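Please read the structure below before turning to the comments.
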Amino acid sequence: MDVSHILDSLNDAQREAVTLPRSSSLVLAGAGSGKTRVLTHRIAWLIQTEGISPHSILAVTFTNKAAAEMRGRIEALLETPLRGMWVGTFHGIAHRLLRSHYQEAKLPQNFQIMDGDDQLRLVKRVTQMLGLDEKKWPARQAMWFINSQKDEGLRPQHIEDYGDVYLKTQVSVYRAYEEACDRGGMVDFAELLLRAHELWLNNPVLLKHYHERFAALLVDEFQDTNTIQYAWLRILAGEQDNLMVVGDDDQSIYGWRGARIENIQRFTSDFPNSTTIKLEQNYRSTGTILKAANHLIDNNAGRLGKELWTKDGDGELISVYAGYNEIDEARYISERAKQWVADGNRHSEAAVLYRSNAQSRVLEEAMLRARLPYRIYGGQRFFERAEIRNALGYVRLISHRDADAAFERVVNLPPRGIGGKSLEEIRRRSRTEGISLWRAAGQLSTDEGVTGRTRNAISGFIALVETMDEETENANLEMLVETVIEKSGLIPYYEKERGERGQARLENLAELVSAARTFNPDEDLSFDIATTDGEPMSMLDEFLSHASLEAGEGQGDPNQDCIQLMTMHSAKGLEFPVVFLAGMEEGLFPHSMSLEEPGRLEEERRLCYVGVTRAMQQLYFTYAESRRLHGTDSYNRLSRFVSEIPEELLQEVRVQNTVSHRHGISSKTVITETDIAGFTLGQRVHHAKFGDGVVLNYEGQGKQARVHVNFSEGSKWLMVSFANLQTVG
DNA sequence: AGTCCCCCCATTTTT
DNA sequence: TGGGGGGACT
């Protein structure tokens, strides 16, 4: 068969990786080196030349987006839909396994997936139940503890507390939480992975089946795997030596949520027969940008080692701009972005990346002032919105009456007279009888010891859910969701909410109906499973699982031509012709919270490396000499990360006559930006009425020019042509 | 039940 | 500086 289309477009290293004989391998893929290409071409190669059935291939990613993209690209390569191949996220695949083998996994057939919000609520309830002081034992912290333990593969009985009160308490919360999950048939994200791992540990026959089934295992972004994910992969690979992992230790930026960079670092010793291939040729950035990235990351110890290079030229120097303050920094960025567009480029080709979300507001304001369309990534996602979760709470109760999380969420929403006291009573009953909240509510609705009013309210709610269930018995998904929204009373409830907020919520509910209409489950994973001890999931349960596992898009229309604003974390995997890295200051980036441990500082440096390598043509570092943060001004030095880049790759941008030059880099190349309206930032001025002040910002030109001046009585925007400002020496 | 106020807090995010 | 959560008050 002619396979030239699979190999033709590849460089030597890529081709070697794609055509590797079937044994374990590590593909160390630098930023922009064609990682996804290798992965997808490898799979196409296995299918077309090695004759491996798609059915025998498992490809794992971290995000749904990556999984969808991989599937799409393989299908494009093969020019045929991929049937039977498992492509999915760790969580998605673990979920399918547990559905198929729920008995072996000791789960109820219709177990429910809790997302982070459900989990937090449940943990909170558990800490309350244990009588813990919520101030001293915040639910967030307990949740974090539980998840970290699960990520490490630990159950409560595995944790040694050494008599330590903190550990002892957290373990007791973990234990009680676990009981609550079991009682309600609920499973959190970390549990999906842990259970899937235990499923194989405890069921050799099942494991053997999957050993025989999979001829090739492929993992994307391997540097982001946590302990349990790697353990799961290893047990699945067994002695078969069929695991190909692709990743980049220099881009490991998720240690704080359990990712273990050690996994990729020790892969070759765990798989002594494995081959390592480095992809170092970069197809994205200019030589200058790559040199900067290489120098920067060279400051980290214990790297596997990799040096990016390009056949293309050096391109432009990297610009460094020292803003007078964060407003000036943002102004500079918006100005450069505007220039970029004026030069005939698209808005969406420019990205502003920052370390923390708090930085986005000032940047946003600058974009608004400059009349530049922008999009901020990382807002709330569709299935995470309160109104969506509320509507789905009812749906969940229809499918699963014992879903306590859903019960708590909607029992009094919209308000129907089941307040805190009644709910407390229901909870107590549920606890003492060891039954779900729904059942406890059922008992109370006929209990003479409860006031008639409460009984009525509770039976009203029970009747509501029962009616919804009956009326939608033969309905399709769309009708079901529609009916539930109508009957629940959520619509009038949100209509009362004033402002655009309520309107937006109603629109989202309408959107939920349409999501239900177009929903179509992932057939490859749901029906092509090894053993069939369960019936296929109902469409309803498929939809609910989907809502938990895939939060949907964030806000904003991705198709619009907008300047892209996002954190450096969310920029991973993306690329832009122009990139601004904002807030390059000690304390902000590297963040002060990461300064104590060397390991965390290195992770910050990797994050910076990720940021730098997003840029294709032009890269800007900007920082603010003074920054208002949490209400107080701080004066930060230039980030060490900028200092770690050779001076000859940098050029400093400066406003003429700028007063202070506190921590500037001593670069030889300095280009100046002409000031506007005769004022420079930081300049002291005098006003007849307001007295002395400092110029913070300016905008416009000629008669329209305005300056933002900070006087002792506050800051003001003044028209230059009227204000008659005097400069003060 | 809903509103208001005060206090506390303050990286990064996917599933 | 501002947002969120919890408690108190109406």
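Small disclaimer: the values here were computed from a predicted structure and weren't measured. In what follows, chains carry the letters A, B, and so on, assigned in the order in which the sequence lines appear, proteins first and then strands, with residues in each chain numbered from 1.
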Walking DNA chain B from its 5' end, the first of A/Ala190 and A/Gly417 to be reached, judged by nearest nucleotide, is A/Gly417
Starting at the 5' end of DNA chain B and moving along, which residue's nearest nucleotide shows up first, A/Glu384 or A/Ala358?
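Closest to the 5' end, via its nearest nucleotide, is A/Ala358.
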Could you pull out all residues at least two apart from A/Asp633 that satisfy salt bridge (charged side-chain N to carboxylate O under 4.0 Å, His left out)?
A/Arg628
Selected nucleotide, minimal atom distance to [X] side chain, candidates [options]:
| X | options | result |
| --- | --- | --- |
| A/Arg257 | B/dT13, B/dT12, B/dT15 | B/dT13 |
| A/Pro415 | B/dT12, B/dG2, B/dT15 | B/dG2 |
| A/Tyr254 | B/dT13, B/dT12, B/dT15 | B/dT13 |
| A/Phe189 | B/dT11, B/dT13, B/dT15 | B/dT15 |

Once you apply a heavy-atom cut-off of 4.0 Å, does A/Gly116 come out as touching a base, just sugar-phosphate, or nothing?
nothing
Assign A/Gln229 to base, sugar-phosphate, or nothing according to its heavy-atom contacts below 4.0 angstrom with the strands shown.
nothing
[N] [atom2] sits how many Å from [X] [atom1], rounded?
| X | N | atom1 | atom2 | result |
| --- | --- | --- | --- | --- |
| A/Asn147 | B/dT14 | CG | P | 15 Å |
| A/Glu550 | B/dT13 | CD | P | 18 Å |
| A/Glu221 | B/dT15 | CD | P | 12 Å |
| A/Tyr493 | B/dA1 | OH | P | 11 Å |
| A/Trp144 | B/dT15 | CH2 | C1' | 18 Å |
| A/His569 | B/dT13 | NE2 | C1' | 8 Å |
| A/Asp220 | B/dT14 | CG | P | 16 Å |
| A/Met584 | B/dT11 | CE | P | 18 Å |

On a whole-Å scale, what distance lies between the P atoms belonging to B/dT12 and C/dG5?
16 Å
Assess whether a salt bridge exists between [X] and [Y], defined as any Lys/Arg side-chain N lying under 4.0 Å from an Asp/Glu carboxylate O.
| X | Y | result |
| --- | --- | --- |
| A/Glu604 | A/Arg600 | no |
| A/Lys35 | A/Asp220 | yes |
| A/Glu365 | A/Arg331 | no |

Phosphate OP1/OP2 of [N]: any [X] side-chain N/O under 4.0 Å:
| X | N | answer |
| --- | --- | --- |
| A/Asn357 | B/dT11 | no |
| A/Asn64 | B/dT14 | no |
| A/Arg381 | B/dT13 | no |
| A/Ser594 | B/dT12 | no |
| A/Thr567 | B/dT13 | yes |
| A/Asn412 | B/dA1 | yes |

Hey, which of A/Glu586, A/Glu326, A/Glu329 is the one that makes salt bridge (charged side-chain N to carboxylate O under 4.0 Å, His left out) with A/Arg627?
A/Glu329
Going by atom types alone, do A/Thr567 and A/Ser570 pair a side-chain donor with an acceptor below 3.5 Å?
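On atom types as modelled, these side chains qualify, holding a pair under 3.5 Å.
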Do A/Glu625 and A/Tyr635 get their side chains close enough for a donor-acceptor pair, meaning under 3.5 Å?
no
Atom pairs, N/O to N/O, protein against nucleotides 1-3 of chain C, distance under 3.5 Å?
from: C/dT1; atom 1: O4'; to: A/Gly631; atom 2: N; distance (Å): 3.4
from: C/dG2; atom 1: OP1; to: A/Arg361; atom 2: NH2; distance (Å): 3.0

Within 45° of the six-membered ring axis of A/Tyr230 and under 6.0 Å from that ring's centre, is NZ or CZ of A/Arg234 located there?
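Yes - A/Arg234 lies over the ring of A/Tyr230, closer than 6.0 Å to its centre and within 45° of its axis.
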Dump every N/O contact between nucleotides 5-9 of chain C and the protein below 3.5 Å, one line per pair.
from: C/dG6; atom 1: OP1; to: A/Lys124; atom 2: NZ; distance (Å): 2.9

Would you please test A/Tyr354 and A/Phe580 for side chain to side chain contact (heavy atoms under 4.5 Å, CB included) and show each step?
CA-CA 8 Å; A/Tyr354 37 84; A/Phe580 299 90; over 6 Å; no
Could you go through A/Asn390 and A/Tyr493, starting from their C-alpha distance and side-chain angles, then the distance that decides it, and tell me whether this counts as side-chain hydrogen bond (donor to acceptor under 3.5 Å, both in side chains)?
CA-CA 12 Å; A/Asn390 290 335; A/Tyr493 176 67; over 6 Å; no
Verify side chain to side chain contact (heavy atoms under 4.5 Å, CB included) between A/His91 and A/Gln229, making sure each step is shown before the conclusion.
CA-CA 10 Å; A/His91 292 87; A/Gln229 285 162 335; 4.3 Å; yes
